[in-house]
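Just so it is clear, the values below take in all heavy atoms, side chains as well, and ignore hydrogens, waters and symmetry mates.
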Amino acid sequence: MAKKKINLTKKNILVSVHVLAVCAWFGGTLSLIILGLYLKNAQNSEQLFYTLSSMHIIDENLLKYPALATLVTGILLSIWTQWGLVKYYWVVIKLVLTVLIILIGIFLINDWFAYLVKTAERLGVNALNENKFESTWLSIIITGIFNLSCLAFMTFITYFKPFGKIKRIKKWQHHKNHLNYGVLTDKK
């Protein structure tokens, strides 16, 4: 089967969309962390709600969609260029980290954020004094820093392309090795 490649113009457009999506994702994550830190200084319920609302807007618009755009454009770039999806370690690492960050957002951060909002609605500014609110808030901050670190790491490995090519055992070599060791023969 012939591999599909794209021309240089289409590749550059795809790379541009990928880079813009990563920038929006990175900026959104950084903004969420900054607002999360600011949240702890809320002086009244209105300030707390306003900060949580701003965080929600960032989560919905500068994290979810750019993350999905980054994943899709990254996969397309891998498939349609010489790098391939599983030919180089740096590409596989980026794919795994991207999926990991997205799954963390889906399965952890969404629930944590919903808890913060519900607790703030129920207790107002007094939510800041509740232990579970504090630990959930801290989980969001730590996870945001982890996500930001992963995004920065992925940016570096994109340019340095470390770890080399993934070595594959060809089918005929694997079959030949089994024959040599008597696995597929009836040696007595």
Side-chain angles (χ1 to χ4, degrees), residues 14-78 85 89-160 162-163:
L14 197 55
V15 168
S16 297
V17 171
H18 184 72
V19 169
L20 287 171
V22 171
C23 288
W25 192 9
F26 190 90
T29 303
L30 184 59
S31 298
L32 197 66
I33 292 168
I34 291 169
L35 280 172
L37 294 171
Y38 177 76
L39 177 85
K40 291 297 287 178
N41 297 322
Q43 300 297 311
N44 54 50
S45 297
E46 292 78 28
Q47 214 176 23
L48 182 62
F49 290 131
Y50 180 78
T51 306
L52 283 170
S53 296
S54 297
M55 291 172 73
H56 180 66
I57 290 169
I58 289 170
D59 180 47
E60 288 296 318
N61 298 295
L62 287 177
L63 295 181
K64 292 178 182 177
Y65 298 118
L68 182 60
T70 299
L71 179 63
V72 170
T73 56
I75 289 171
L76 291 176
L77 282 166
S78 301
L85 195 57
Y89 285 106
W90 68 272
V91 177
V92 173
I93 291 168
K94 284 180 62 171
L95 177 63
V96 169
L97 287 177
T98 300
V99 170
L100 175 67
I101 294 171
I102 290 171
L103 291 175
I104 286 171
I106 292 169
F107 293 110
L108 296 175
I109 293 177
N110 283 342
D111 290 342
W112 292 339
F113 192 71
Y115 172 77
L116 292 182
V117 170
K118 286 178 187 174
T119 305
E121 287 173 350
R122 187 170 44 88
L123 300 175
V125 75
N126 292 326
L128 295 172
N129 300 323
E130 187 183 72
N131 286 336
K132 188 171 180 193
F133 187 93
E134 172 89 19
S135 65
T136 303
W137 165 83
L138 186 58
S139 296
I140 289 175
I141 297 299
I142 291 170
T143 305
I145 292 168
F146 171 77
N147 292 353
L148 203 61
S149 300
C150 287
L151 290 167
F153 176 70
M154 288 188 283
T155 301
F156 283 111
I157 67 172
T158 298
Y159 291 100
F160 292 107
F163 315 119

Quiz: residues 94-109 side-chain donor-acceptor pairs under 3.5 angstrom, not counting sequence neighbours:
{"residue": "Lys94", "atom": "NZ", "partner": "Thr158", "partner atom": "OG1", "Å": "2.6"}
{"residue": "Thr98", "atom": "OG1", "partner": "Lys94", "partner atom": "O", "Å": "2.7"}

Can you list, pair by pair, the side-chain donor-acceptor contacts under 3.5 Å of residues 35-43, counting residues two or more places apart and other chains?
{"residue": "Tyr38", "atom": "OH", "partner": "Gln47", "partner atom": "NE2", "Å": "3.0"}
{"residue": "Lys40", "atom": "NZ", "partner": "Glu134", "partner atom": "OE1", "Å": "2.3"}
{"residue": "Gln43", "atom": "NE2", "partner": "Asn41", "partner atom": "O", "Å": "3.0"}

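No side-chain heavy atom of Val117 sits less than 4.5 Å from a side-chain heavy atom of His56. At a threshold of 4.5 Å between non-hydrogen side-chain atoms, the residues Lys64 and Asn110 count as touching. Counting only heavy atoms from C-beta outward, the side chains of Leu123 and Phe133 never approach each other to under 4.5 Å.
At most 12 non-hydrogen atoms from other residues, nucleotides or ligands lie less than 6.0 angstrom from CG of Asn131.
Atoms CH2 and CG, on Trp137 and Leu128 in that order, are 9.5 Å from each other to the nearest 0.5 Å. Atom CG of residue Leu52 and atom NZ of residue Lys118 lie 13.5 Å apart, to the nearest 0.5 angstrom. Interatomic distance, Leu32 CG to Ser54 OG, rounded to the nearest 0.5 Å: 10.5 Å. Here Trp90 contributes atom CH2 and Phe156 contributes atom CZ; the two are 15.0 Å apart, rounded to the nearest 0.5 Å. With rounding to the nearest 0.5 Å, the separation of OG1 in Thr143 from CH2 in Trp112 is 3.5 Å. In this structure, CG on Asp111 lies 11.0 Å from CG on Leu116, to the nearest 0.5 angstrom.
Checked by atom type and distance alone, the side chain of Ser45 pairs as donor or acceptor with a backbone atom of Val125 at under 3.5 Å.
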Run the numbers on Tyr89 and Ile157 for side-chain contact (heavy atoms from CB on, under 4.5 Å), then give the verdict. CA-CA 10 Å; Tyr89 285 106; Ile157 67 172; over 6 Å; no

Report the C-alpha distance between Thr119 and Lys132 in whole Å, list the side-chain angles of each, state the deciding distance to 0.1 Å, and finish with yes or no for side-chain contact (heavy atoms from CB on, under 4.5 Å). CA-CA 9 Å; Thr119 305; Lys132 188 171 180 193; over 6 Å; no

Assess the residue pair Leu62 and Trp25 against the criterion (side-chain contact (heavy atoms from CB on, under 4.5 Å)); give the C-alpha distance rounded to whole Å, side-chain angles, the decisive distance to 0.1 Å, and a yes or no. CA-CA 6 Å; Leu62 287 177; Trp25 192 9; over 6 Å; no

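The two residues Asn61 and Pro66 have their closest heavy-atom pair at O-CD, 3.4 Å. Taking all atoms of both residues into account, the shortest heavy-atom contact from Gly124 to Leu48 is O-CD2, 3.2 Å.
Checking each of Leu20, Val22, Leu14 against Thr73 for a side-chain contact (heavy atoms from CB on, under 4.5 Å) leaves exactly one that passes, namely Leu14.
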